[in-house]
Amino acid sequence: MTTPRVAHCVAGLIRSLPHPLVHRSLRRNLVDAFGGTPFLFLLLKPWDVAPKRAGYFPSSAAEDLAQGVHWSDAQARALLKPVLAELHPLVASVRLLNASEDTPSRLFNSRCPIQGRHYGLSSGVYTTKAGLVRLLGQAAAYDGCLHMIEASERANGTRFDFVTRSRPDLAYLAPVRAWNAFPDPRVAYIHDRDWFVVAHRALADAALGSFALYKNCTTRRTEETPEEWLRLSIREGGGTVRIADFPVGLVGTQRCSDVCPLQANTTNASFVEYFHNECKSISGFVGCFGDTPVHCRSRPCTHLLASARQRAPLVAWLRS
């Protein structure tokens, strides 16, 4: 196979993208490690919503937004300046959304009511208006990123061979495998929690287009999480899902000392310098870079955060 053209889609709330751990690892441990001829497509939301604690967030979409933060276009571009400098010249397209694009009137399909429980909780938090805006807004962002990729293909008269789908607040704690480690065009390789996806172009419409599945729906559905809609969309697109242990973690915007307080019984002195004791959250294992929390949902991420020896090269690289 000739060198493949790779479209890396990063879509969603800006959140911790400006943190060096995020955008530097995006360049080194995703784009460079995956290989091929890379193009980055960034569809970013310059606002944030209330933190999700133990599966809870406000029921009202307006209240959810009101508890978050909002940046003007000028503030957002200032935040993104080091990000774009790190990713230059690989960025093919950048789009900043407006909060008015994530509203019930623009996102909801009244013909497709959603019901169910969220991860076994007594109530379906994604069935509230705020929850639906989060669920559908995320799907709509990836759909928008797909349109950016398609526009690039039309403009250049050539299709991509691979597409990756990721969030703006992901850290890549070790190099992902290169493109030739994902040989089957009928398989979408996904992170357990849908944080990261690798697919051949033949499945890209399904991997990034789950919003269309909802918008065209005319019946009551029980798929009530982003992961369920992603899997359904891939199956409807003629593909299968394979869970892959990608070494990725979510980088939080809150203080790690608030999420995972430092314990007095730490046995490894070097562990204290960079990490608080391991703790559990809705996202699984949490470790800290300084006072920045990193949430893990995969074994590679957890091992990298928990092992001072494995973590040392990453810490040294970030400081260089």
Side-chain angles (χ1 to χ4, degrees), residues 6-51 65 67-102 137-138 140-142 144-149 151-152 155-156 163-176 195-196 208 248-256 274 288-295 314-320:
V6 183
H8 295 286
C9 166
V10 181
L13 298 164
I14 289 179
R15 285 185 169 162
S16 55
L17 179 60
H19 194 293
L21 176 61
V22 176
H23 61 261
R24 293 188 69 184
S25 70
L26 169 64
R27 173 64 185 265
R28 177 168 177 169
N29 287 341
L30 171 57
V31 176
D32 294 348
F34 192 83
T37 303
F39 298 81
L40 274 157
F41 297 85
L42 309 179
L43 189 149
L44 304 172
K45 302 179 181 183
W47 70 89
D48 205 351
V49 288
L65 276 174
Q67 292 188 29
V69 296
H70 302 263
W71 297 288
S72 67
D73 280 357
Q75 290 172 322
R77 294 188 185 282
L79 282 172
L80 294 174
K81 188 174 181 179
V83 177
L84 298 179
E86 181 72 35
L87 301 177
H88 180 79
L90 306 178
V91 177
S93 182
V94 181
R95 182 184 170 198
L96 291 177
L97 293 185
N98 187 285
S100 64
E101 298 186 58
D102 264 14
Q138 181 184 102
Y142 289 123
C145 199
L146 175 62
H147 294 325
M148 293 165 68
I149 291 170
S152 175
N156 293 287
V163 171
T164 74
R165 189 192 102 164
S166 61
R167 300 168 49 132
D169 53 359
L170 275 187
Y172 303 82
L173 301 178
V176 302
W195 294 350
F196 183 70
L208 276 74
V248 298
L250 288 188
V251 177
T253 55
Q254 67 275 62
R255 288 158 42 106
C256 202
Y274 303 113
C288 305
F289 269 84
D291 207 16
T292 301
V294 181
H295 302 253
L314 179 63
V315 172
W317 163 61
L318 285 170
R319 288 181 166 180
S320 64

Just verifying a value: how many Å separate [X] [atom1] and [Y] [atom2], rounded to the nearest 0.5 Å?
{"X": "L84", "Y": "L42", "atom1": "CG", "atom2": "CG", "result": "6.5 Å"}
{"X": "H147", "Y": "C9", "atom1": "NE2", "atom2": "SG", "result": "11.5 Å"}
{"X": "F39", "Y": "S152", "atom1": "CZ", "atom2": "OG", "result": "6.5 Å"}
{"X": "Y172", "Y": "L30", "atom1": "OH", "atom2": "CG", "result": "5.0 Å"}
{"X": "L250", "Y": "D169", "atom1": "CG", "atom2": "CG", "result": "5.0 Å"}
{"X": "T253", "Y": "H19", "atom1": "OG1", "atom2": "NE2", "result": "10.5 Å"}

Taking the side chain as every heavy atom from C-beta outward, state whether [X] and [Y] have any pair of such atoms under 4.5 Å apart.
{"X": "R165", "Y": "L146", "answer": "no"}
{"X": "I14", "Y": "P168", "answer": "no"}
{"X": "R15", "Y": "V49", "answer": "yes"}
{"X": "L97", "Y": "W47", "answer": "yes"}
{"X": "Q75", "Y": "P46", "answer": "no"}
{"X": "L17", "Y": "L80", "answer": "yes"}

Shortest non-hydrogen contact from [X] toward [Y]:
{"X": "W71", "Y": "A76", "answer": "CB-N, 4.1 Å"}
{"X": "H23", "Y": "P18", "answer": "CE1-O, 3.0 Å"}
{"X": "F41", "Y": "M148", "answer": "CE2-O, 3.7 Å"}
{"X": "P38", "Y": "V31", "answer": "CB-CG1, 3.6 Å"}
{"X": "V83", "Y": "L79", "answer": "CG2-O, 4.1 Å"}

For the backbone of [Y] and the side chain of [X], can you confirm whether one donor and one acceptor N or O come within less than 3.5 Å of each other?
{"X": "E101", "Y": "N98", "answer": "yes"}
{"X": "S16", "Y": "V251", "answer": "yes"}
{"X": "N29", "Y": "S25", "answer": "no"}
{"X": "K45", "Y": "G137", "answer": "yes"}

Scan residues 68-84 for pairs that pass salt bridge (Lys or Arg N to Asp or Glu O under 4.0 Å), counting only residues two or more places apart or in two chains.
none
